[in-house]
Amino acid sequence: MTQGARNNHLKEKLYQLTLDDDRRVATNALWVFTHFAADDNVWLFAKYDQLIERAITEQDVTKLRLILTLLLRQPFDEEAIRTDFIDFCLARITDARAPYAIRAHCIKLAYEQMRYWPELLDELHQTLDLISCEPLSPGLRSAWKQVMKKILSCNVY
């Protein structure tokens with residue numbers, strides 16, 4: 001029902017459900033957004049800052065994972081980068097207590113934000129080197145390899 005540009009009012013209602021006090025309602029609504037078609041996902045671009053604020057403050061790991069999934073589908077422009085979100089991602093990458101999916105998403109999100117500046121890419125490279133010595137899940141190892149390959153192809157090294 002929310003598909004298509006004519007149904008933006010329904011997308012807004014669905015988005016409001018992501019803020020519901022009932023955890024199940026909120027996570028189900030977030031899950032629906034993660035399955036939006038690319039054209040419908042564009043509607044969420046206007047929620048960029050709100051999604052980042054929610055990610056930084058979210059305590060529920062399921063909601064956080066879903067919010068990070070939505071942020072991975074957002075464009076990260078050089079002018080709109082938020083250092084507080086970069087710091088959040090770097091902290092989660094090295095947090096061994098954080099779920100693997102959140103750490104993997106944060107690796108990818110950190111790269112998307114830091115790719116414009118060689119000095120920040122160097123910091124990300126150092127962070128990824130730091131975690132390379134610990135046992136990584138297959139998903140986390142895959143995200144690590146994908147981003148390391150991108151960093152090394154930037155000719156920073």
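Everything numeric in this text was worked out from a predicted model, so none of it was measured.
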Evaluation steps, side-chain contact (heavy atoms from CB on, under 4.5 Å), between Ile67 and Thr18: CA-CA 10 Å; Ile67 291 168; Thr18 69; over 6 Å; no
Worked check of side-chain contact (heavy atoms from CB on, under 4.5 Å) between Lys150 and Arg115: CA-CA 9 Å; Lys150 289 177 183 178; Arg115 65 186 169 155; over 6 Å; no
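Counting only heavy atoms from C-beta outward, the side chains of Thr69 and Leu30 never approach each other to under 4.5 Å. Annotation: side chain of Arg82 is not in contact with side chain of Phe88 (no heavy-atom distance under 4.5 Å). Contact of the Leu90 side chain with the Met114 side chain is registered, since non-hydrogen atoms from C-beta on lie closer than 4.5 Å.
The CG atom of Leu70 sits 8.5 Å away from the CZ atom of Arg54 when rounded to the nearest 0.5 Å. Atoms CD1 and NZ, on Ile93 and Lys108 in that order, are 12.0 Å from each other to the nearest 0.5 Å. The distance from the CD1 atom of Ile81 to the CD atom of Gln113 is 5.5 Å, given to the nearest 0.5 Å.
A donor-acceptor pair under 3.5 Å is formed between the side chain of Gln74 and the backbone N or O of Leu44. Side-chain N or O atoms of Ser142 include none that pairs as donor or acceptor with a backbone N or O of Pro138 at under 3.5 Å.
No cation-pi contact links Arg65 to Tyr100, judged by a cut-off of 6.0 Å to the six-membered ring centre and 45° from its axis.
What you find for Arg103 and Ala98 is that their closest heavy atoms are CD-O, 3.5 Å.
Close placement of the Phe76 and Tyr48 rings is indicated, their centers lying within 6.0 Å of each other.
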